[in-house]
Amino acid sequence: MSAVEIHTTRDLGAAVRHARAKRGLTQSQLAQQAGVSRDWLVRLEHGHPRLELRLVLDTVAAVGLTLLTEDRDAELQDETEVAWNEVFGSLGGNQPADGKSSEDG
């Protein structure tokens, strides 16, 4: 599956349903792998807006998907990199890829 923008809970549910079908899994099989009930998985696939995030993430991982975030404001990202370099550049350090210092964990 190529990258898909997720804007709503229905979008996420459709992506999970598509990935499940692509892998030839039944709802019961995926639910068992994710540690959720089949009824819960049905709610996720239909875009129910009030599901526990931890279970959503577990299910997304169980079906083989990865959720990524992207900063849509490239200018803000560039300003952050400039500020990082101004503060820490003279120390010879590079900004970590995740934007956290090693002390953030």
Side-chain angles (χ1 to χ4, degrees):
M1 176 188 250
S2 60
V4 174
E5 288 191 26
I6 304 294
H7 297 281
T8 67
T9 55
R10 286 182 187 252
D11 293 345
L12 181 58
V16 168
R17 184 173 49 252
H18 177 81
R20 176 183 58 76
K22 182 178 177 183
R23 288 163 177 74
L25 296 172
T26 66
Q27 288 174 330
S28 296
Q29 290 169 326
L30 176 56
Q32 184 176 10
Q33 288 179 13
V36 299
S37 71
R38 182 184 164 280
D39 289 340
W40 186 93
L41 180 60
V42 167
R43 290 194 307 272
L44 173 62
E45 288 188 355
H46 284 94
H48 191 282
R50 295 177 194 229
L51 297 172
E52 186 177 339
L53 182 57
R54 180 187 61 79
L55 295 178
V56 171
L57 295 175
D58 289 349
T59 304
V60 166
V63 78
L65 296 177
T66 301
L67 293 182
L68 303 173
T69 61
E70 179 178 68
D71 189 346
R72 294 183 298 179
D73 189 349
E75 281 186 35
L76 177 61
Q77 186 175 11
D78 290 342
E79 290 173 12
T80 301
E81 290 175 23
V82 168
W84 177 273
N85 290 330
E86 286 176 358
V87 173
F88 297 105
S90 63
L91 301 175
N94 293 325
Q95 183 177 9
D98 64 2
K100 295 181 181 179
S101 72
S102 60
E103 295 156 3
D104 289 344

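Keep in mind that what you see is a predicted model, and the values were worked out from it rather than measured.
Remark: T66 pairs with L68 by the side chain to side chain contact (heavy atoms under 4.5 Å, CB included) rule, at least two apart or across chains. Applying the side chain to side chain donor-acceptor pair (under 3.5 Å) test to T69 and every residue at least two apart in sequence or in another chain returns nothing. Judged as a side chain to side chain contact (heavy atoms under 4.5 Å, CB included), and not counting sequence neighbours, the contacts of H46 are V42. Scanning for side chain to side chain donor-acceptor pair (under 3.5 Å) contacts around E86 gives an empty result, with sequence neighbours left out.
When side chains are defined from C-beta on, L12 does not count as touching T9, because their heavy atoms never get closer than 4.5 Å.
With hydrogens and angles disregarded, a donor-acceptor distance shorter than 3.5 Å links the side chain of R23 to the backbone of A19.
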Side-chain donor-acceptor distances from residues 25-33 under 3.5 Å, at least two apart:
| unit_1 | atom_1 | unit_2 | atom_2 | d |
| --- | --- | --- | --- | --- |
| T26 | OG1 | S28 | N | 3.4 |
| T26 | OG1 | Q29 | N | 3.0 |
| T26 | OG1 | Q29 | OE1 | 3.4 |
| Q27 | OE1 | R38 | NE | 3.4 |
| Q27 | OE1 | R38 | NH2 | 3.0 |
| Q27 | NE2 | E45 | OE1 | 2.9 |
| Q29 | OE1 | T26 | N | 2.8 |

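For E52, the CD atom is densely surrounded, since the number of other residues' heavy atoms within 6.0 Å is greater than 12.
Closest non-hydrogen pair, L41 versus R20, comes out as CD2-CD, 4.4 Å.
Each of L51, L44, L65 was evaluated against T59; a single residue qualifies, L44, per the side-chain contact (heavy atoms from CB on, under 4.5 Å) test.
Each salt bridge (charged side-chain N to carboxylate O under 4.0 Å, His left out) pair with one or both residues in residues 57-67, not counting sequence neighbours, appears once here: R54-D58.
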- Query: Would D11 and V4 count as a side chain to side chain contact (heavy atoms under 4.5 Å, CB included) if you check the C-alpha gap in whole Å, the side-chain angles of each, and the deciding distance to 0.1 Å?
  - Reply: CA-CA 9 Å; D11 293 345; V4 174; 5.9 Å; no

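The NE2 atom of H48 sits 11.0 Å away from the CZ atom of R10 when rounded to the nearest 0.5 Å.
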